[in-house]
Amino acid sequence: MAGRLVRRTRVTRFAPDERTVQREDALAVEEPLEVRVGGSSFSVTMRSPGDDFDLVAGFLVSEGVIWSADQLSSMRFCAGTDEQGLQTFNVIDAELSPGTPPPDTGLERHVYTSSSCGICGTASIDAVHKATHFGQLDDETTWSAELLGSLPDRLRDHQKVFDRTGGVHAAGLFTAAGELLCLREDVGRHNAVDKVVGWALREGRLPLRGTCLQVSGRASFELVQKAHMAGIPVLAAVSAPSSLAVEHAASAGMTLLGFSRGGAFNVYAGAERITAG
């Protein structure tokens, strides 16, 4: 799988006061993934290959289709080949368990989802405001400000694909004791989060009480929504949140951190969970 995550290419390097040189550079691979549910196409997303079952499971949680591992009967790669006749692993069919309603056809993605935007293809803007199965998050776990300030560096220490390419986002799930439960990387920040959520679903961990999701980019409304759908009470981002992200976090009972860098951060919602010690 490592060969599918990184691809090497020749580049010409220009820099002030340096001679022009040609060298090899490493690129993060980006490929489409078609998600089918019960044999019917549901979405196409652009992603980094790898942890694809986690991605599909987390995507179905984010879309409000499932929220428990027993609702997902199976997942399998479908036949798909490239020009050399090799399996591309770019189509996954998910089977829901008997009694689990299929996705609302109104949520069907009529255009592909890019790696930069996870909700651009939704058929209706109303579908963005989904009702989570876990309701308002009343998790009473407290978090040390010192620990929360350390999470971006802990996340960065485990970003292996970023080390090679500089071209992927990361999402890491931490406990209040500082344990890293799961880390995923992807060219799409929403995909990285879906891969973490999907891992948690398949491990039977939802809702994710007592956890913090640290992400490498900004805190968009979409990422807050995904965390809410998974029952994650704390979301921390190294960059800025949007106004809608802050509003949604506050209404969901979540703690939202932004500009988490160098041990410092801003708290935009849910400051009562954080202790100064």
Side-chain angles (χ1 to χ4, degrees), residues 28 45-48 58 62 113-122 125 128-130 132 136-137 139 143-159 161-163 165-174 176 180 182-197 208 211-276:
T45 186
M46 302 301 296
R47 96 305 186 193
S48 297
S62 295
T113 303
S114 75
S115 56
S116 61
C117 178
I119 59 176
C120 297
T122 18
I125 193 64
V128 173
H129 296 278
K130 305 176 187 71
T132 174
Q136 190 172 34
L137 305 183
D139 191 299
W143 294 78
S144 158
E146 181 180 2
L147 172 67
L148 290 171
S150 73
L151 295 187
D153 288 340
R154 296 189 188 200
L155 184 75
R156 180 66 184 84
D157 287 344
H158 291 85
Q159 290 181 244
V161 179
F162 183 86
D163 284 341
T165 67
V168 292
H169 292 276
L173 190 68
F174 293 87
L180 175 60
C182 177
L183 183 143
R184 295 290 185 263
E185 293 180 278
D186 200 279
V187 289
R189 61 178 181 271
H190 63 282
N191 288 338
V193 171
D194 276 344
K195 287 178 177 182
V196 170
V197 171
L208 283 163
T211 62
C212 173
L213 184 67
Q214 175 71 55
V215 297
S216 60
R218 64 185 179 89
S220 63
F221 164 77
E222 177 197 10
L223 295 195
V224 173
Q225 177 186 265
K226 287 178 182 294
H228 187 196
M229 296 292 281
I232 300 171
V234 183
L235 174 65
V238 300
S239 194
S242 68
S243 62
L244 195 56
V246 174
E247 291 173 21
H248 186 75
S251 66
M254 293 174 59
T255 297
L256 178 61
L257 280 56
F259 293 106
S260 181
R261 308 168 187 170
F265 51 83
N266 295 342
V267 183
Y268 294 88
E272 65 274 4
R273 285 194 177 97
I274 304 174
T275 61

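For the single chain, residues carry numbers from 1 onward in sequence order.
The side chain to side chain contact (heavy atoms under 4.5 Å, CB included) check on A170 picks up L155, Q159, E185, S216, with sequence neighbours excluded. In this view, R154 satisfies the salt bridge (charged side-chain N to carboxylate O under 4.0 Å, His left out) rule with no residue, not counting sequence neighbours. Partners of D157 under the side chain to side chain donor-acceptor pair (under 3.5 Å) rule, at least two apart in sequence or in another chain, do not exist in this structure. For A230, the side chain to side chain contact (heavy atoms under 4.5 Å, CB included) test picks out V197, L206, L208, I232, with sequence neighbours left out.
A distance of 5.5 Å separates CG in L257 from CG in L148, rounded to the nearest 0.5 Å. Taking CG from N191 and CZ from R47, the interatomic distance works out to 9.0 Å, rounded to the nearest 0.5 Å.
Here side chain to side chain donor-acceptor pair (under 3.5 Å) pairs that include residues 250-266, with residues two or more places apart or in two chains, are T255-R273, N266-Y268. The side chain to side chain donor-acceptor pair (under 3.5 Å) contacts involving residues 236-246 comprise nothing, where partners must be two or more places apart or lie in separate chains.
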### Task
Any chance you could lay out the side chain to side chain contact (heavy atoms under 4.5 Å, CB included) test for D186 and D194, step after step, and finish with the verdict?
CA-CA 10 Å; D186 200 279; D194 276 344; over 6 Å; no

### Task
Assess whether side chain to side chain contact (heavy atoms under 4.5 Å, CB included) is satisfied between Q214 and V238, documenting all intermediate values.
CA-CA 8 Å; Q214 175 71 55; V238 300; 3.8 Å; yes

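The shortest heavy-atom contact between S150 and L147 is OG-O, 2.6 Å. Closest approach of V224 to A249, counting heavy atoms only: CG1-N, 3.8 Å. Looking at every heavy atom in both residues, G258 comes nearest to P241 through CA-CD, 4.5 Å. Minimum heavy-atom separation, A245 to F221: CB-N, 3.6 Å. The two atoms that bring A28 and V168 nearest to each other are CB-CG1, 3.6 Å, heavy atoms only. In terms of heavy-atom proximity, G172 sits nearest to L180 at CA-CD1, 4.2 Å.
You'll find the side chain of K226 stays beyond 4.5 Å of the side chain of L213, heavy atoms only. Between R189 and S220, some side-chain heavy-atom pair lies under the 4.5 Å cut-off. In this structure, H169 and V215 have side chains that are not in contact, with every pair of non-hydrogen atoms separated by 4.5 Å or more. Counting heavy atoms from C-beta outward, F265 and L151 have side chains that stay 4.5 Å or more apart. For the pair L235/C212, no side-chain contact is recorded, criterion being any heavy-atom separation below 4.5 Å from C-beta on.
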